[in-house]
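The block underneath contains the structure these notes are about, expressed in structure tokens.
Sequential numbering from 1 along the given sequence is applied to the chain's residues.
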Amino acid sequence: MERKTIYLCLAHMSEEGLEQKYIKEAFDTNWVVPLGPNVNAFENDLESFVGEDKKVVALSAGTAAVHLALIACGVGPGDEVCVQSFTFCASSHPIKYLGATPVFIDSEKDSWNMDPELLEQAILDRKAKTGKYPKAIIPVALYGMPYDCTRIMAVADKYGIPVIEDAAEGLGSRFKGQVLGTFGRYGVLSFNGNKMITTSGGGALICPDEEQKNKIMWYATQAREAYPYYQHEEIGYNYRMSNICAGIGRGQMTVVNDHIAHHKHVQTRYAELLKDVPGIHLHCAPNADYDANYWLCTITIDPEVRIKGQENAYKETVKSAVGGAAGVIHQVDSPTTDCQPNDNIEALRVYMLEKKIEARPVWKPMHKQPVYADCPAYVNGVSEAIFKVGMCLPAGPMVTDEDIEYIVESIKNAIC
């Protein structure tokens with residue numbers, strides 16, 4: 001039998017088919033537009049899940065949640081926002097949407113997330129250079145690993161700067177027992193097709209109270225004033241989640257804890273099977289305060305480890321999107337850039353692909369992205385160093401123990 005591709009994190013529906021049940025209800029009642037009973041129920045489910053008396057707004061994407069949180073924090077043209085550099089572009093792009101400037105903050109070695117000491121240095125330096133403090137701080141739960149909430153919140157509180165937690169990859173992750181996304185003023189969640197749970201596409205914003213929830217909902221529905229006709233005194237957006245997508249989310253909430261438990265199990269199995277493989281290191285939580293969901297499991301590979309086919313790394317340009325949800329890419333003339341993973345990482349990616357295993361490099365730090373070349377960055381070399389040696393391995397709910405054994409054996413066989 002031909003082996004099926006093992007994806008990083010493939011969507012997994014509830015065994016009872018509740019997603020289809022709620023979608024059918026949406027069609028049967030003709031609630032196929034944004035808003036509706038499924039949206040309300042999904043938001044209620046999320047509020048129960050995150051706790052801390054927080055309120056949640058379901059939106060069209062996690063990126064939309066970042067955008068609206070920035071607006072609610074008063075970010076506008078000429079402002080600066082401190083944001084983790086080691087992340088996906090959705091954490092920083094919305095800052096540019098608003099005409100503001102990202103100030104990139106490098107990572108700690110252990111968590112791979114925002115370094116609180118660098119954060120404070122950046123805040124003080126920006127105040128000295130611009131005469132004002134940054135308008136917001138965005139730490140990121142990279143691959144589901146918590147950031148140091150205690151220290152980051154202490155810095156934020158010291159200078160009176162609101163925190164927008166990008167927990168898009170960290171649904172259900174906890175720091176000292178508290179769910180990520182509930183420490184700062186706002187928390188961002190994502191339900192993209194490859195996240196812990198999916199709504200096909202979608203996201204949510206965790207808000208501090210009902211008043212802020214209503215404010216976000218107003219912005220997300222085109223910011224209409226209370227007149228019998230459409231009157232707009234502020235710019236709004238079409239960011240609400242559809243009732244159909246929310247129906248998927250309602251079904252997914254019945255299995256979210258099972259998904260989180262499975263991802264943690266996958267991490268444990270990788271730890272057991274990789275512990276004696278020379279030069280391969282599994283990234284784990286720094287200590288018991290960090291309760292990661294392990295959305296993706298990540299490894300680093302020592303530079304001296306040689307992989308089969310390594311001599312051919314970066315010899316040809318990529319012709320199509322890499323990864324199931326990568327979308328359209330812009331063709332390039334050169335297969336290399338001035339900041340890229342080591343040859344053995346690229347060789348292993350190609351080798352694993354041939355074995356029908358999806359593996360990817362970790363996120364390229366935003367301060368090394370050409371589009372952000374002119375933005376301030378406070379770096380210590382950590383994220384760039386990890387980018388050169390890091391790789392993501394499959395961890396989704398469709399990944400079986402047999403798959404994990406096959407993945408580890410493939411890694412071993414790839415080493416020369």
Side-chain angles (χ1 to χ4, degrees), residues 4-11 60-67 83-97 102 104 140 142-143 166 168-169 188 190-195 198-203 295-299 301 307 309-375 377 383-384 386-396:
K4 294 182 179 179
T5 300
I6 305 171
Y7 292 101
L8 285 173
C9 188
L10 198 62
S60 58
T63 311
V66 176
H67 190 191
V83 58
Q84 185 166 311
S85 180
F86 202 8
T87 184
F88 179 56
C89 62
S91 306
S92 53
H93 280 3
I95 300 170
K96 298 292 284 185
Y97 298 168
F104 293 111
V140 179
L142 196 71
Y143 303 118
D166 186 344
E169 300 172 4
V188 173
S190 173
F191 313 120
N192 198 9
N194 63 356
K195 292 298 191 296
T198 185
T199 57
S200 173
W295 169 56
L296 295 182
C297 298
T298 52
I299 58 173
I301 304 176
I307 300 295
Q310 186 170 326
E311 65 279 3
N312 297 318
Y314 299 117
K315 292 293 177 63
E316 297 182 0
T317 58
V318 174
K319 301 299 183 186
S320 62
V322 177
V328 177
I329 64 171
H330 185 259
Q331 295 297 324
V332 295
D333 296 326
S334 172
T336 61
T337 67
D338 63 353
C339 179
Q340 62 190 27
N342 290 338
D343 287 357
N344 60 357
I345 293 291
E346 172 61 7
L348 183 59
R349 182 192 70 80
V350 173
Y351 182 91
M352 298 289 268
L353 190 61
E354 292 171 350
K355 299 296 180 182
K356 295 199 170 182
I357 301 166
E358 184 184 16
R360 293 190 206 169
V362 295
W363 299 124
K364 182 171 182 173
M366 289 298 110
H367 74 270
K368 298 300 295 184
Q369 296 285 359
V371 72
Y372 290 122
D374 295 332
C375 294
S383 61
E384 188 175 348
I386 296 170
F387 173 59
K388 291 180 178 179
V389 301
M391 173 167 278
C392 302
L393 299 178

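- Residues passing the ring-ring contact (aromatic ring centres under 6.0 Å, His included) test with H67, sequence neighbours excluded: Y97, Y237, Y239.
- With T5 contributing its side chain and Y7 its backbone, the two residues share no donor-acceptor pair below 3.5 Å.
- Surrounding CD of E316 are at most 12 heavy atoms belonging to other residues, nucleotides or ligands under 6.0 Å away.
- Distance CG/N342 to CE/M391: 11.0 Å, rounded to 0.5 Å.
- The main-chain N or O of L8 is found under 3.5 Å from a side-chain atom of E358 such that the two form a donor-acceptor pair.
- Of the inter-residue distances, the one linking L296 atom CG with L393 atom CG reads 9.0 Å to the nearest 0.5 angstrom.
- Of all heavy-atom pairs spanning S92 and P102, the tightest one is O-CG, 4.3 Å.
- The two residues V362 and Y143 make their nearest non-hydrogen contact at CA-OH, 3.1 Å.
- Annotation: side chain of W295 is in contact with side chain of N194 (closest heavy-atom distance under 4.5 Å).
- The minimum heavy-atom distance linking Q331 with V318 is given by the pair OE1-O, 3.5 Å.
- For the pair M366 and T87, the minimum side-chain heavy-atom distance is below 4.5 Å.
- Side-chain contact between T337 and K364 is present, with heavy atoms from C-beta onward closer than 4.5 Å.
- Checked by atom type and distance alone, the side chain of D166 pairs as donor or acceptor with a backbone atom of A168 at under 3.5 Å.
- When ring centroids are compared, Y372 and H93 come within the 6.0 Å threshold.
- Here the side chains of I345 and I301 are in contact, with some heavy-atom distance below 4.5 Å.
- When atom types are taken as modelled, the side chain of T198 and the backbone of N192 share a donor-acceptor pair closer than 3.5 angstrom.
- Counting heavy atoms from C-beta on, the side chains of K96 and V371 never come closer than 4.5 Å.
- At distances below 3.5 Å, not a single donor-acceptor pair connects side-chain atoms of K195 with backbone N or O atoms of G203.
- Counting all heavy atoms, side chain and backbone alike, A313 lies closest to A347 at CB-N, 4.5 Å.
- One finds the CD1 atom of I307 at 11.0 Å from the CG atom of D343 (value rounded to the nearest 0.5 Å).
- Between P94 and T63, the closest side-chain pair of non-hydrogen atoms falls below 4.5 Å.
- One distance of note links SG of C339 with CD of Q369; it measures 8.5 Å at 0.5 Å rounding.
- Within the 4.5 Å cutoff, side-chain heavy atoms of P341 are placed close to those of Y314.
- The CD1 atom of I6 sits 12.0 Å away from atom NZ of K355, with the distance rounded to the nearest 0.5 Å.
- Judged by distance alone, with hydrogens and angles left aside, the side-chain atoms of S85 form no donor-acceptor pair with the main-chain N or O of F104 at under 3.5 Å.
- Pairing each heavy atom of Q340 with each of P335, the nearest pair is OE1-O, 4.3 Å.
- For the pair L353 and R349, the minimum side-chain heavy-atom distance is below 4.5 Å.
- Looking at every heavy atom in both residues, N344 comes nearest to Q310 through CB-OE1, 3.3 Å.
- F88 pairs by the ring-ring contact (aromatic ring centres under 6.0 Å, His included) definition with W363, not counting sequence neighbours.
- The OG1 atom of T336 sits 11.0 Å away from the CD atom of E346 when rounded to the nearest 0.5 Å.
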